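First comes the structure, then the notes that go with it.
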Amino acid sequence: MKNLEELKSAIKKALPDLDLVMGWTDSYDPLHATPHFMRSDEDIDKLRVDALSVNNLATYLPSLKGKKVGIIVKGCDSRSVVELLQENLINRDEVKIFGFGCEGVVDQTKIRRAAGDVRNVESCEISGSEVTLKTGGSEHKLALKDVLADKCLTCRYPNAVLSDEFIGPELEAKAEFSEGYTDIEEFEKLSTNEKFTFWLGEMDRCIRCYACRNACPMCVCRDHCVAQSREPHWLTQEDHVREKLMFQIVHAYHLAGRCTECGECQRACPVDIPILMLKKKLNKEIKAVFDYEAGVDSEATPPLLTFKGEEQKIKEKDW
Amino acid sequence: MPVLEGKELRIVGFLCNWCSYGGADTAGVGRFTQPTDLRIVRVPCSGRIDPMFIVKALLNGADGVLVSGCHPRDCHYAEGNFYARRRLEVLKRFLPFIGIEPGRFEYTWVSASEGQRWQQVVTGFTEQIHKLGPAPKIEGADAEATLKLLEAAL
Ligand code: SF4
Ligand code: SF4
Ligand code: SF4
């Protein structure tokens, strides 16, 4: 990030009125950044914001309710904050938002596929258009565009949609709504049976670790999630593809009209199941029926939490 | 029962207490003939129907699911079916994406006085499900393979 120093001094100025500020810092190896909870100026000096700052920190906000928290957000992260505000899961006066124009983050899976063994990365340099990795004595030069997360290739909101302090220049959106859903349209072309087989195959690999749920900023039930509750007993602990598919549909449906497509669920999945597709499909339909996108307007009510007497796009008495 | 073996399919109907359940009753009292594949679950209001009821039924062996509530603006609780309409419409558009044939789930509105309409709905839906045939079942883990693995491990 070009304006990092500017951001750091803005945070230093704000910190005395806050309990902590969330950002990112160096992690266990040069290929990763990790969430960073800043409580002092020394902490702020360790802040890093770049293409490795992938975590959506909004995930931590609901559990910090009651504290005064600063948060640094990319465009997509900011939509999660807005959605949390919409649902009164956090208080606006307890959150100070530092936004910026985001140029995209990397997808570790893509890097792994391109570079092979990345267990012992010695160094990682990210320039404007290239990622240079040194690992196991060899050097890999990867084009940044080839390893950017899919969501970034069709980013519609690179700039924080809501912020108290916006650092640096605003960027232009890379795409329109429809361009973000070509993968979904492609998949829809498959036959019903092919789709069914695909999902059963993918779900078969699921290990029910619930990382996808825990990474999701909008999954706020957590310790009373229907996936684990015994009353009602929606899912058994059985290791059956049916239970796993059921869980994933629950996850997707509970996010209908709320999911901001930050992609954290899919990123967190240790076995790379493309579960974001389920959420994107719902978002596509929510847009078609209600002309609505989640996390854009903090005053709006998510469409499944309200109704209209006359629904423009729902045909009545079809049946 | 053996007479019907192999002929009936498993169809689950979620009907609201105030309208559609009454409508089905009216059809019964009027002695309108109806197919008998439908198993009715009576719920207090269509607004009570969690879309997950429908998904759960479909993933666990139902060949079709029918939801029926009071006509919009006629809800006993004033707005339950308005919420239901949104949820069910979104679900209807979602199910084909996971590979469930669009016709296996329908939602509709039938009032307590509409015995005739209930007869049409249940007949039409049952026919539709019979045309689709039994839903593909989700197979569990291969029991024999699991046993072999166990034997190898022990
Ligand atoms: S989707 Fe947009 S805002 Fe989010 S990380 Fe990618 S480029 Fe940045
Ligand atoms: S469902 Fe996935 S993409 Fe949507 S908000 Fe949650 S983590 Fe982000
Ligand atoms: S993160 Fe992946 S493996 Fe874990 S529960 Fe979610 S889908 Fe399954």
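Computed from a predicted model, the values in this text were never measured in an experiment. Residue numbering restarts at 1 for every chain, and letters A, B, ... go by the order of the sequence lines. Values below: every heavy atom of this structure, side chains too, minus hydrogens, waters and symmetry copies.
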**OP:** Start with the C-alpha gap between Phe290(A) and Arg86(B), add the side-chain angles, then the distance that decides, and say whether side-chain contact (heavy atoms from CB on, under 4.5 Å) holds.
**Re:** CA-CA 9 Å; Phe290(A) 306 112; Arg86(B) 286 196 161 197; 3.2 Å; yes
Heavy-atom distance under 4.5 Å to chain B: side chain of [X], backbone, both or neither?
| X | answer |
| --- | --- |
| Leu305(A) | backbone |
| Leu200(A) | side chain |
| Lys313(A) | backbone |
| Thr306(A) | both |

Can you say whether [X] sits under 4.5 Å from chain A via the side chain, the backbone, both, or neither, judging by heavy atoms?
| X | result |
| --- | --- |
| Arg117(B) | side chain |
| Pro136(B) | both |
| Glu106(B) | side chain |

Subject >> Arg85(B) side chain vs Gly309(A) backbone, donor-acceptor pair below 3.5 Å >> reply: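 Checked: pair present.
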Please determine whether the number of non-hydrogen atoms from other residues, nucleotides or ligands lying under 6.0 Å from atom [atom1] of [X] exceeds 12.
| X | atom1 | answer |
| --- | --- | --- |
| Arg10(B) | CZ | no |
| Arg48(B) | CZ | no |
| Lys65(A) | NZ | yes |

Subject >> Shortest non-hydrogen contact from Ile138(B) toward Arg242(A) >> reply: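 Ile138(B) and Arg242(A) have their closest heavy atoms at O-NH2, 4.0 Å.
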Original post:
Between Phe94(B) and Leu278(A), what is the shortest heavy-atom contact and its length?
Top reply: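 Closest pair (atom of Phe94(B), atom of Leu278(A), distance): CE1-O, 3.6 Å.
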Original post:
side-chain contact (heavy atoms from CB on, under 4.5 Å) between Glu89(B) and Glu285(A): does it pass, once the steps are laid out?
Top reply: CA-CA 9 Å; Glu89(B) 177 68 18; Glu285(A) 297 309 323; over 6 Å; no
**OP:** Classify the ring geometry between Phe307(A) and Phe82(B) as parallel (under 30°), tilted (30 to 60°) or perpendicular (over 60°).
**Re:**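 Phe307(A) vs Phe82(B) ring planes: parallel.
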